[in-house]
Amino acid sequence: MQRITVQTTPIEGQKPGTSGLRKKTHVFMGPHFLENFIQSIWIGIGGVEGKTLVLGGDGRYFNDRAAQVILRMAAASGARKMIVGRNALLSTPAASNLIRLRGTDGGIIMSASHNPGGPDEDFGVKFNMSNGGPAPEEVTDRIFAATGTLTAYDIVETQDIDLSRIGTTNLAGMEIEIVDPVADYAALMETLFDFDAIRALLASGFRLRFDSMHAVTGPYATAILQEKLGAPAGSVVNAEPLPDFGGGHPDPNPIWAKELMDVMFADDAPDFGAASDGDGDRNMIVGRGIYVTPSDSVAVLAANAHLAPGYSEGLKGVARSMPTSRALDRVAEAKGLDCYETPTGWKFFGNLLDAGRVSICGEESAGTGSDHVREKDGLWAVLLWLNILAVKRQSVAEIMDEHWREFGRNYYSRHDYEGVDADKANALVDELRGKLADLPGQDFARLTVETADEFAYDDPVDGSRADKQGIRIGFKGGARIVLRLSGTGTVGATLRVYLEDVESDPSRMHRDAQEALADVIAAADTIAGITRHTGRTAPDVKT
Ligand code: G16
């Protein structure tokens with residue numbers, strides 16, 4: 001076993017995005033690419049010497065090889081200990097929990113989340129802090145700065161470590177503890193939810209289907225939903241994590257989880273359907289014949305969380321990312337809760353959660369979570385829904401209907417234009433930015449603009465500022481358009497257009513969202529010149 005220093009040169013394009021560094025897998029597998037980035041993480045966090053980190057990933061292609069490299073680099077740079085999920089598997093929320101539970105200095109999560117996996121698809125790496133949450137921009141900026149000046153990295157030359165057996169081993173003086181990736185997380189869930197009530201619901205003939213999309217939640221969902229809560233075998237489908245997610249796109253939305261949607265909209269549909277993504281932090285909720293948007297889901301969860309033991313004392317406050325619909329704001333207002341609006345990216349919730357200002361957070365991008373960890377958590381959202389259903393004994397459709405009648409309905413949809421030429425996408429945003437001041441008072445598709453600005457966020461806890469976080473255009477009557485460029489893609493630019501309108505007339509609350517939003521959609525194209533700039537006449541994905 002030998003510690004060596006390898007000479008290298010900076011590699012371009014190692015700037016972390018909305019959630020860590022995501023690239024094509026072959027890019028990550030290229031000479032020095034992973035090693036440069038990991039050494040830059042060590043530099044960005046002030047060195048890894050004497051530190052204890054958690055390591056795990058979503059099991060995608062290259063996960064196992066990358067884990068070996070990261071362990072050898074941690075040992076070479078003097079880390080004290082690495083706590084690793086068996087076979088280098090850990091869902092993102094389970095990694096966050098492990099970091100907090102063991103009081104470690106942070107952790108490395110190998111995942112490109114909902115992006116497809118495989119040699120021609122995506123891979124990713126992100127660093128989480130000692131609070132269990134994604135590194136804030138101040139840290140990712142330091143990591144990025146280090147990627148630009150790196151001249152060498154340290155690594156130990158050795159045989160692969162066997163990560164398949166639970167226990168403790170040693171690598172060049174560094175302890176490696178291999179843990180069951182599920183056990184601690186499952187125990188945490190049991191403290192938050194009324195497992196007896198959910199068990200009784202499932203024993204009453206209530207049928208559920210959870211689609212793991214061949215990603216990391218398979219073992220978690222099987223252990224919790226089937227083994228602990230008694231859902232019949234086969235309730236969890238696509239449960240085996242595969243390096244290429246079975247060739248699928250592990251993004252839980254009606255497009256990519258179509259198999260589940262078809263089942264849930266069939267005549268003999270189960271009562272409740274859910275899906276999770278590559279690394280287990282996203283979720284999709286669907287009842288028999290009804291899809292629940294992520295924005296509605298977080299609003300329903302906030303309105304009913306007190307029905308679960310972990311939240312029985314009420315919520316401290318709530319938060320949503322700016323493009324997420326304002327359904328949550330309506331619940332917060334009715335309940336007298338503070339509601340924070342943050343930029344896209346779970347990392348922006350971290351300070352609010354740490355400061356005890358909020359208990360539940362949500363994003364339109366299928367992310368919901370609470371202060372139990374510092375990541376969004378797919379299975380957590382599913383279990384909270386089940387707990388609520390177990391207490392209310394209503395169908396998902398009835399719960400939604402009741403919710404909209406009480407709080408009003410925020411019709412919502414996101415239109416994505418993927419793989420757009422980056423220059424064209426930037427030109428669109430620049431042009432729009434330039435005309436914001438003139439928009440108020442103008443009419444588009446029967447809507448009158450009331451406000452138009454570019455979102456900037458001043459963190460109320462540490463005072464840090466994040467600007468250029470998306471353009472928002474508000475109309476008289478409550479409709480809204482938000483436009484921003486995604487920070488998680490790996491090819492070209494993805495233009496995201498978020499569309500919303502408010503409905504308080506109960507007789508108009510059951511329309512198709514695209515239909516209800518027709519004017520807002522037309523206004524967005526006219527105002528932003530989407531077709532003119534991109535040449536696209538329709539989005540690639542509508543969620
Ligand atoms: C990540 C972030 C989320 C964000 C989402 C979409 O999710 O953690 O906070 O909402 O990306 O970001 P963008 O619109 O920039 O693509 P995940 O599940 O990919 O880690």
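Residues: numbered from 1 along the sequence shown. Whatever order the structure lists ligands and atoms in, that order sets their numbers, starting from 1.
- Between the side chain of Asn387 and the backbone N or O of Leu383 there is no donor-acceptor pair closer than 3.5 Å.
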What are the distances between nitrogen or oxygen atoms of ligand 1 and protein nitrogen or oxygen atoms, counting only those under 3.5 Å?
{"from": "ligand 1", "atom 1": "7 (O)", "to": "Arg282", "atom 2": "NH2", "distance (Å)": "3.3"}
{"from": "ligand 1", "atom 1": "7 (O)", "to": "Lys376", "atom 2": "NZ", "distance (Å)": "2.9"}
{"from": "ligand 1", "atom 1": "8 (O)", "to": "Lys376", "atom 2": "NZ", "distance (Å)": "2.9"}
{"from": "ligand 1", "atom 1": "9 (O)", "to": "Gly345", "atom 2": "N", "distance (Å)": "3.3"}
{"from": "ligand 1", "atom 1": "9 (O)", "to": "Trp346", "atom 2": "N", "distance (Å)": "2.9"}
{"from": "ligand 1", "atom 1": "9 (O)", "to": "Glu363", "atom 2": "OE1", "distance (Å)": "2.5"}
{"from": "ligand 1", "atom 1": "9 (O)", "to": "Glu363", "atom 2": "OE2", "distance (Å)": "3.1"}
{"from": "ligand 1", "atom 1": "10 (O)", "to": "Glu363", "atom 2": "OE1", "distance (Å)": "3.3"}
{"from": "ligand 1", "atom 1": "10 (O)", "to": "Glu363", "atom 2": "OE2", "distance (Å)": "2.9"}
{"from": "ligand 1", "atom 1": "10 (O)", "to": "Ser365", "atom 2": "OG", "distance (Å)": "2.7"}
{"from": "ligand 1", "atom 1": "14 (O)", "to": "Arg484", "atom 2": "NH1", "distance (Å)": "2.6"}
{"from": "ligand 1", "atom 1": "14 (O)", "to": "Arg496", "atom 2": "NE", "distance (Å)": "2.7"}
{"from": "ligand 1", "atom 1": "15 (O)", "to": "Thr18", "atom 2": "OG1", "distance (Å)": "2.7"}
{"from": "ligand 1", "atom 1": "15 (O)", "to": "Arg484", "atom 2": "NH2", "distance (Å)": "2.9"}
{"from": "ligand 1", "atom 1": "15 (O)", "to": "Gly487", "atom 2": "N", "distance (Å)": "2.6"}
{"from": "ligand 1", "atom 1": "16 (O)", "to": "Ser486", "atom 2": "OG", "distance (Å)": "2.6"}
{"from": "ligand 1", "atom 1": "16 (O)", "to": "Thr488", "atom 2": "OG1", "distance (Å)": "2.5"}
{"from": "ligand 1", "atom 1": "16 (O)", "to": "Arg496", "atom 2": "NH2", "distance (Å)": "2.6"}
{"from": "ligand 1", "atom 1": "18 (O)", "to": "Ser113", "atom 2": "OG", "distance (Å)": "2.7"}
{"from": "ligand 1", "atom 1": "18 (O)", "to": "Arg282", "atom 2": "NE", "distance (Å)": "2.7"}
{"from": "ligand 1", "atom 1": "18 (O)", "to": "Arg282", "atom 2": "NH2", "distance (Å)": "3.4"}
{"from": "ligand 1", "atom 1": "18 (O)", "to": "Lys376", "atom 2": "NZ", "distance (Å)": "3.1"}
{"from": "ligand 1", "atom 1": "19 (O)", "to": "Arg22", "atom 2": "NH1", "distance (Å)": "3.0"}
{"from": "ligand 1", "atom 1": "19 (O)", "to": "Arg22", "atom 2": "NH2", "distance (Å)": "3.0"}
{"from": "ligand 1", "atom 1": "19 (O)", "to": "Ser113", "atom 2": "OG", "distance (Å)": "3.0"}
{"from": "ligand 1", "atom 1": "19 (O)", "to": "His114", "atom 2": "ND1", "distance (Å)": "3.0"}
{"from": "ligand 1", "atom 1": "19 (O)", "to": "Arg282", "atom 2": "NH2", "distance (Å)": "3.2"}
{"from": "ligand 1", "atom 1": "20 (O)", "to": "Arg22", "atom 2": "NH2", "distance (Å)": "2.9"}
{"from": "ligand 1", "atom 1": "20 (O)", "to": "Ser113", "atom 2": "OG", "distance (Å)": "3.4"}

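- A cation-pi arrangement is absent between Lys23 and Phe28 under the rule of less than 6.0 angstrom and at most 45 degrees off the ring axis.
- Aromatic ring orientation, His249 versus Trp256: parallel (interplanar angle below 30°, classes split at 30° and 60°).
- Separation of atoms NE2 (His372) and OG (Ser96) is listed at 8.0 Å; rounding is to 0.5 Å.
- Judged by distance alone, the side chain of Thr543 and the main-chain N or O of Asn253 form no donor-acceptor pair under 3.5 Å.
- Ring geometry, Trp346 versus Phe349: the interplanar angle exceeds 60°, so the pair is classed perpendicular (tilted spans 30 to 60°).
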